[in-house]
Enquirer: 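After the structure tokens below, expect a handful of questions from me.
So you know, we letter chains A, B, ... as the sequences are listed, proteins then strands, and number each from 1.
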There are 2 protein chains.
Amino acid sequence: MKVTLKDIAQQSGYSITTVSRALAGYSDVNAQTRQHIIEIANALGYQPNLLARQLRSQRTQTIGLIIPARDNGFSNDFFTQLILGIGDAAALENYDLLVSAQKPGEEEMEAYRRIAGGNRVDGMILARTRYNDPRISYLKSRDHPFVVFGRGAPGEDSDFPYIDVDGQAAIQVVTQHIIERGHRHIGLILPPPDIAFTQYRLTGYQQALAQAGIPYRPEYVVNGDLLRAGGYQGARQLLEHQAELTAIVACNDLMALGAMKAVQERGHQVGRTFAIAGYDDIPAAEYAQPPLTTIHQPLHEIGQRLVQMLIKIIAGNPPEDTHLLLPSKLIVRESSGF
Amino acid sequence: MKVTLKDIAQQSGYSITTVSRALAGYSDVNAQTRQHIIEIANALGYQPNLLARQLRSQRTQTIGLIIPARDNGFSNDFFTQLILGIGDAAALENYDLLVSAQKPGEEEMEAYRRIAGGNRVDGMILARTRYNDPRISYLKSRDHPFVVFGRGAPGEDSDFPYIDVDGQAAIQVVTQHIIERGHRHIGLILPPPDIAFTQYRLTGYQQALAQAGIPYRPEYVVNGDLLRAGGYQGARQLLEHQAELTAIVACNDLMALGAMKAVQERGHQVGRTFAIAGYDDIPAAEYAQPPLTTIHQPLHEIGQRLVQMLIKIIAGNPPEDTHLLLPSKLIVRESSGF
DNA sequence: GGCGTAATCCAAAACGTTTTGGATTGTTTT
DNA sequence: AAAACAATCCAAAACGTTTTGGATTACGCC
């Protein structure tokens, strides 16, 4: 049977209060008494009921995280990596993780209401910000602690705590790298337009072009679904209408791999006659043929920082700077040439 | 501020009991009253406090899962895939997931005690069984519902609910496939010996050899750490002392990829003069050069079945068969020859 | 003897639900 | 007119903690 404080109290002859305080280490209980109580607790295999403790103390030591359910059309590589980083960091701080898989949409909002509104967690971590994100408005309106991986889109005011990678700079750097390899006609495969970071990536691309004195041509830019299929289709579309292209930058690795296939099918030699670059540095990027030039984000570190920032916010002393922009790293591999 | 049943009771003039029963849909409350109460609840933005509900009703609608923290030396591809499967299935059944990242060892056991013993979850899912697994003994002794992905090792009695993939058959099939390609000197890179499934894999390998009339030679078998480095080292060791080898079967893809590197460094052409196969079908396997022949496990389906079985056990009516052995699939790619 | 102080203990309230076991009406049946 | 019944409501207990605000005792000091 479950053993409770009451059982220990009866067994030891002390009150529930004293047992509780003995086990919690308060100084107003006699050393011998405490010893005695601890022994009984161990003998009975006492484990505190965390629900009761949480209800009473109004703290859960838990962080909530809602991830997209599988069939949403997005790659999950990204989220699973993030979960690991968050999970590791949370464990170090003695927090657990409450995870719920939901499709974006009404069910997802319902999960936010249930988990955040239902007091199951002390704070939440969101990712992949969308335009006018209803999750953010909800949490803000409820005054529920949260941090976000990803700023709002350029137009929006991002007055919520976030950590982001400077995707604009990253795409600029990778585009610049492609330009340095001698390319002038460079296609771009963007994420869907409702994702908040899409605009930053486009701007980075435009900046690199401008810096090199290459005119920006909108017909070189398409949107993809962040999956391999989207990259494949996007690349085919580009190649069909813009035969002069000799390079493509894709906004994530899966799309880059899809694009690589389309480019190869068209007879180009990726890495020799055609350059391709991605973004994310997923494990498959390293093993692609040719290996994919890409942008590496420190996901594990990001997870840790998200947790640390959230915990400070929960504790009521948010860090001075709740808007963190982390740098990423260009990983040059063979797909962008030699 | 948080709005509770009490607030709705005051606002509406009814008692807390009636408010609770109205919202829960009991038939002993007048239709108009219910309507009125529901309206007030909505107006106030009422969200039930789940901690209180769980404490009172002794059900949490939550499944616990403890994953290895990052620096444990194992690949996490496997676990993250599993989390997604479990998360999706759990969401469908209206369960949430409580995840904690812990290094195997005393801290991990502590987490089991805290989470299972502390009433935070209705049941737990374990994976990667070890010899004489202390987690299993603990949960059994506590009578806490759980299911395991992975049987006990051959010698042990696996009298706990589990779902496993028939790794013995899988390795037999892949070894057989290599033999059919004409190889007679086939190395094997096993997982560490303390993992429960290691023995099954070895047996499958031996069976395939025996079936083909090839003598088993223990010097063809080494253990690796389930990481790329382990595969690399294992393969180097094999090649150094057993120069006659023309093929290597590795017990997971990461080790296979490491082995591939070692083999290539030695001047062999993988897929032509040398065959390599892995196990897991991680995303990188498809993109490896050459693409890796491997074993695909239906991880998403496994996650779903684990959840369904666990939920039945929690409800008190375990399914007839709590020992499920699922088949896997051989994925033939170029690394095993043409 | 009265008073302050320190050490040790505990009853009761509180966290926010759900459930139990009626209580109170009004209506129908005998 | 009494009895049975249906409809509607609710007070109080319970889940297992933590915390508040003392109570009790023993002791030293004036």
Enquirer: Here's a test of your reading of the structure: between Ala52(B) and Tyr26(B), which maps to the more 5' nucleotide of DNA chain C?
Expert: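 Taking each residue's closest nucleotide, the earlier one in sequence belongs to Ala52(B).
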Enquirer: Taking atom types as modelled, is there a side-chain donor on Arg120(B) or Thr62(A) under 3.5 Å from an acceptor on the other?
Expert: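 The answer is yes; a qualifying pair exists.
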Enquirer: Checking all strands, does Thr33(B) fall into the base, sugar-phosphate, or nothing category for heavy-atom contacts under 4.0 angstrom?
Expert: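 Here Thr33(B) touches the backbone only, sparing every base.
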Enquirer: Any salt bridge between Glu156(B) and Arg151(B), counting N to O under 4.0 Å?
Expert: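 Salt bridge flag = no for Arg151(B) with Glu156(B).
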Enquirer: How is Thr4(A) classified with respect to the nucleic acid when contacts are heavy atoms under 4.0 Å: base, sugar-phosphate, or nothing?
Expert: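 Answer is sugar-phosphate: Thr4(A) comes under 4.0 Å of backbone atoms only.
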Enquirer: I need the CG-P distance between Leu51(A) and dA14(C), as an integer number of Å.
Expert: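 After rounding, the reported distance stands at 22 Å.
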Enquirer: Has the side chain of Arg56(A) got a donor or acceptor atom sitting under 3.5 Å from an opposite partner on the base of dT17(D)?
Expert: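 No.
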Enquirer: On DNA chain D, nearest-nucleotide positions of Val29(B) versus Lys6(A): which is more 5'?
Expert: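 In this pair, the answer is Val29(B).
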Enquirer: Can you see if the side chain of Thr18(A) gets near the phosphate of dC9(C) - specifically, an N or O under 4.0 Å from OP1 or OP2?
Expert: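 Result: no.
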Enquirer: For Tyr14(B) and Leu55(B), find the nucleotide of DNA chain D closest to each by heavy atoms; which residue's nucleotide sits nearer the 5' end?
Expert: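 Closest to the 5' end, via its nearest nucleotide, is Tyr14(B).
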Enquirer: Rounded to whole angstrom units, what separation is found between the CG atom of Leu5(B) and the P atom of dA12(D)?
Expert: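 Computing the Leu5(B):CG to dA12(D):P distance gives 18 Å.
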Enquirer: What's the closest nucleotide to the Asn30(A) side chain, out of dA11(C), dT8(D), dT8(C)?
Expert: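 So the side chain of Asn30(A) is nearest to dT8(C).
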Enquirer: May I have the distance from Leu50(A) (atom CG) to dC15(D) (atom P), rounded to whole angstrom?
Expert: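 Spelled out: CG on Leu50(A) to P on dC15(D) is 18 Å.
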Enquirer: Please answer whether the main-chain N or O of Arg53(A) pairs with a side-chain N or O of Ser57(A) as donor and acceptor at a distance below 3.5 Å.
Expert: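 Yes.
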Enquirer: Please report, rounded to the nearest Å, how far the P atom of dA7(C) is from the CZ atom of Arg21(A).
Expert: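 Rounding to the nearest Å, CZ of Arg21(A) and P of dA7(C) are 15 Å apart.
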Enquirer: Check whether the side chain of Ser27(A) and the base of dA7(C) form a donor-acceptor pair under 3.5 Å.
Expert: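 By the distance-only test, no, there is no pair.
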Enquirer: Tell me whether the side-chain N/O atoms of Gln58(B) come closer than 4.0 Å to OP1 or OP2 in dA14(D).
Expert: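 The answer is no; no side-chain N or O of Gln58(B) sits under 4.0 Å from OP1 or OP2.
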Enquirer: What integer distance in Å separates His36(B):NE2 from dT8(D):C1'?
Expert: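 Taking NE2 of His36(B) and C1' of dT8(D), I get 16 Å after rounding.
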Enquirer: Starting at CZ of Arg120(B) and ending at C1' of dC15(D), how long is that distance when rounded to a whole Å?
Expert: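 After rounding, the gap between these two atoms is 17 Å.
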Enquirer: Would a 4.5 Å heavy-atom cut-off, applied to side chains only, mark Lys2(A) and Gln58(B) as touching?
Expert: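 Side-chain contact under 4.5 Å: no.
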Enquirer: DNA chain C: Thr17(A) or Gln47(B), which has the more 5' nearest nucleotide?
Expert: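 The answer here is Thr17(A).
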Enquirer: Between dT19(C), dT18(D), dA11(D), spot the one nearest the side chain of Ser20(A), thanks.
Expert: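 Closest nucleotide to the Ser20(A) side chain: dT18(D).
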Enquirer: Is Asp28(A) touching bases, backbone alone, or none of the nucleic acid, heavy atoms closer than 4.0 Å?
Expert: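 Contact class for Asp28(A): base.
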Enquirer: Salt-bridged, Glu110(B) to Lys103(B), with N to O below 4.0 Å?
Expert: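 Looking at Glu110(B) and Lys103(B), the cut-off is not met.
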Enquirer: Starting at atom CG of Asn49(A), determine the distance to atom P of dG16(C), rounded to an integer number of angstrom.
Expert: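 In whole Å, dG16(C) P and Asn49(A) CG are 17 Å from each other.
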Enquirer: Which whole-number value in Å describes the distance from Ile16(A) CD1 to dC15(D) C1'?
Expert: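 Atom-to-atom, Ile16(A) to dC15(D), this comes out as 12 Å.
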Enquirer: For the side chain to side chain contact (heavy atoms under 4.5 Å, CB included) test, which of Arg305(A), Lys312(A), Gln308(A) pairs with Pro319(A)?
Expert: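 When Arg305(A), Lys312(A), Gln308(A) are each tested with Pro319(A), the side chain to side chain contact (heavy atoms under 4.5 Å, CB included) holds only for Lys312(A).
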